[in-house]
Amino acid sequence: MDTRRIAEVLDEMGTLLEARGEDAFRCRAYHNAAQALKALPPDLSELIASNQLGETPGLGKSMLAKVVELATTGRLESYEQLRQTTPPGLVALLRVPGLGPKKIKVLREELQIEGLADLRQAAESNQVASLKGFGTKTEAKILEGINFIESVGDRILQSTARRQIGPILDWVRAQPATIKAEACGSLRRQKATIGDLDILFASSDPAPVLDGFIHRPEVAAVLAQGPTKASVRLAEGVQCDLRGVSLTQFPFALNYFTGSKEHNIAMRRRAIARGWKLNEYSLDGPEGPLPCDSEAEIYERLGLAYIEPELREDWGEIEAAERGPLPTLVTRSDLIGTFHCHTDWSDGGATLDEMVEATRARGLTYLGIADHSRSAGYAGGLSIERVRKQWAAIDALNTKLGQTFKIFKGTECDILGDGSLDYPDEILAGFDYVVASVHSLFGLSREVMTDRVIAAVKNPYVTMLGHPTGRLLLARDGYAIDLEAVIEACSKSGTMIEINANPHRLDLDDEHCRRAKALGMLLVINPDAHSTGGLDDLDYGIGVARRANLTAADVFNTRSSSEVEAAFARHRPV
Ligand code: DGT
Ligand code: CA
Ligand code: CA
Ligand code: ZN
């Protein structure tokens, strides 16, 4: 098993233990070990053979044994047991704000609560308030939390969906009866959140694949099973649908199950207008089937240019594809560098050197540091003295790196309550760029919040606006703000808006990125990385950008480092 997957298993074990209300220290050991593994090579066999794995900080003795077992056998007895014995509803309890392992344990022991429905019932009948360590305030907060969770439904983050579908898709692809397989649905369209997982495979004999699928270790319950389809619930709670079709049907099924439903309906309407019939298995004319070897051929037959999955929402993509080829959407390999990264100077987990190394290893040629500013005490914000020290460290490192790589000095500067910034102008002037973000006073009225952010983006030292709504997907709505007005203000002042690529944020969202593009603005895809692994979140930002129809020209960090330097120089006050 590769290192990344081992880290995922340990993370999942930590989460399952948390849900069961196990000792917080023990749960954290799993998450810490997972974090530690992310810094190691993908293949651990050499480290294991030379007995060096045990020297990894954060990897205790018992954890080491688990990692070795996973790496060498691909299985772990205690992991499988944990999965089998944890009620799926328990993991959902962890999503309720204020509920940690300790409280969940009390709820289970005192009130036999095993899921959100039990919890709602108990809270509504005031049984929760009387428990030790809870009280009426907590009970009200819990109900509020359940309401929010129910309003977002059982959706999961795209990152969670990718983690869960990965091993299953690999397995489907590896089956002898499988010709090819793809993830479809909202995941292929790179939506921010995912309702359920959809996998499609081509085979002339789907039965053994479907049968093996329902017996996978991840599967907690089989919901439906037929000759070409199986639906299961995974141990972590999400549903996964697997469908098998013939190779001839595959392009049609791929198109249909990728969706969206609205896009499908528009496509079907187009076929009908030509006197044809389109469904998930075929395209048929009056004289018989109109075979297609690929999705591109389906679009071609319907008089359309190829439409990338991320655009298939019936937001005008069909009309655009009718007029001719669509612009090439930005890809990860278009990115030349990255901004808004944290280091251990504030709340990041990696050193400046490690972040540089990791950025280079990902094929990028510049890195913009942006540690927190001084008011962000909770996140190790930098005092002015520390800022100067960090500048010196970056200067020294830049000298050492020479022409091969460039580090830009930046800050993620708090926007204070009145819209002013957290450092005086003479300090702001010393940075190459400034990301301005709201991290406090989320409860301001919409009007006051809008004025506050607009004041900040008008500040000539501000280069980029960070996570403009502050939303945390599936956990917290953004603060009240007139985003349209903020986007317009940014457009006027030439301030860029980031697509914060952290999968919990994806902020600015796809819809508003389209608005920004319509105003001719540049967007910048920022990973907000707090570790070297966090740099890979750039992929999620690319997903947002593609859904917003952005090309490489619309994204600032597709520019070379000298172009970036020139743009920063143009933007700053003289
Ligand atoms: P999700 O799972 O809520 O994140 O969103 P999707 O888009 O993955 O939706 P899902 O899993 O219900 O269905 C997968 C695809 O199947 C969907 O994108 C389009 C297609 N589909 C499902 N139901 C219908 C339908 O009633 N009509 C049409 N035309 N297509 C459908
Ligand atoms: Ca789906
Ligand atoms: Ca589905
Ligand atoms: Zn931030």
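Order of listing sets the numbers, starting from 1, for every ligand and every atom in it.
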- [ ] Could you tell me whether any N, O or S atom belonging to E412 is less than 2.8 Å from the Zn ion (ligand 4)?
- [x]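 Checking E412: at least one N, O or S atom is under 2.8 Å.
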
Open item on the list: Report whether any nitrogen, oxygen or sulfur of H439 sits less than 2.8 Å from the Zn ion (ligand 4) (N, O or S, backbone or side chain).
Closed with: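 A backbone or side-chain N, O or S atom of H439 is under 2.8 Å from the Zn ion (ligand 4).
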
Contact atoms of ligand 1, heavy-atom distance to [X] under 4.0 Å:
X: G185; result: 8 (O)
X: T258; result: 18 (O)
X: I194; result: 4 (O)
X: F257; result: 14 (C), 15 (C), 16 (O)

Is the closest N or O pair between [X] and ligand 1 shorter than 3.5 Å?
X: T193; value: no
X: R268; value: no
X: S260; value: no
X: G195; value: yes

Task: Name of the H467 atom (N/O/S only) found closest to the Zn ion (ligand 4) - done: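 This residue's closest N, O or S atom turns out to be NE2.
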
Task: Residues D536 and R362 bridged, charged N to O under 4.0 Å - done: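 Salt bridge: yes.
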
Open item on the list: Whether E317 and R312 form a salt bridge (side-chain N of Lys/Arg under 4.0 Å from carboxylate O of Asp/Glu) is what I want to check.
Closed with: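 Salt bridge: no.
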
Indicate, with yes or no, if the rings of [X] and [Y] have centres closer together than 6.0 Å.
X: F408; Y: F568; result: yes
X: H504; Y: H467; result: no
X: F257; Y: F252; result: no
X: F339; Y: F556; result: yes

Task: Non-neighbouring partners of N459 that pass side chain to side chain donor-acceptor pair (under 3.5 Å), sequence neighbours left out - done: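 So N459 forms no side chain to side chain donor-acceptor pair (under 3.5 Å) with any residue.
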
- [ ] Taking atom CZ of F148 as the centre, report whether more than 12 heavy atoms of other residues, nucleotides or ligands fall under 6.0 Å from it.
- [x]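 Enclosed.
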
- [ ] Kindly check if the number of other-residue, nucleotide or ligand heavy atoms within 6.0 Å of CG (N279) is above 12?
- [x]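 Count over threshold, so yes.
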
Task: R155 near ligand 1 by a heavy-atom separation under 4.0 Å - done: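 Heavy atoms of R155 do come under 4.0 Å of ligand 1.
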
TODO: Work out whether the distance between some heavy atom of R189 and some atom of ligand 1 is less than 4.0 Å.
DONE: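 R189: in contact with ligand 1 (<4.0 Å).
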
Open item on the list: Given K261, E313, K191, identify the one with the heavy atom nearest to atom 26 (O) of ligand 1.
Closed with: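 Residue with the shortest heavy-atom distance to the ligand atom: K261.
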
Task: Sum of protein N, O or S atoms, each under 3.0 Å from the Ca ion (ligand 3) - done: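 For the Ca ion (ligand 3), protein nitrogen, oxygen or sulfur atoms under 3.0 Å: 4.
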
Open item on the list: Quick test: of every protein heavy atom, which one is nearest to atom 17 (C) of ligand 1, and how far off is it to 0.1 Å?
Closed with: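 For atom 17 (C) of ligand 1, the nearest protein heavy atom is G259 CA, 4.0 Å.
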
TODO: Measure the distance from atom 28 (C) of ligand 1 to every protein heavy atom, then report the residue, atom name and distance (to 0.1 Å) of the closest one.
DONE: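 Ranked first by proximity to atom 28 (C) of ligand 1 is Y256 OH, 3.4 Å.
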
Task: Non-hydrogen atoms of Y423 and L382 that approach each other most closely - done: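 Nearest heavy atoms, Y423 then L382: OH-O, 2.6 Å.
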
- [ ] Record the part of D196 in heavy-atom contact with ligand 1 below 4.0 Å; permitted values are side chain, backbone, both and neither.
- [x]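 Both backbone and side chain.
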
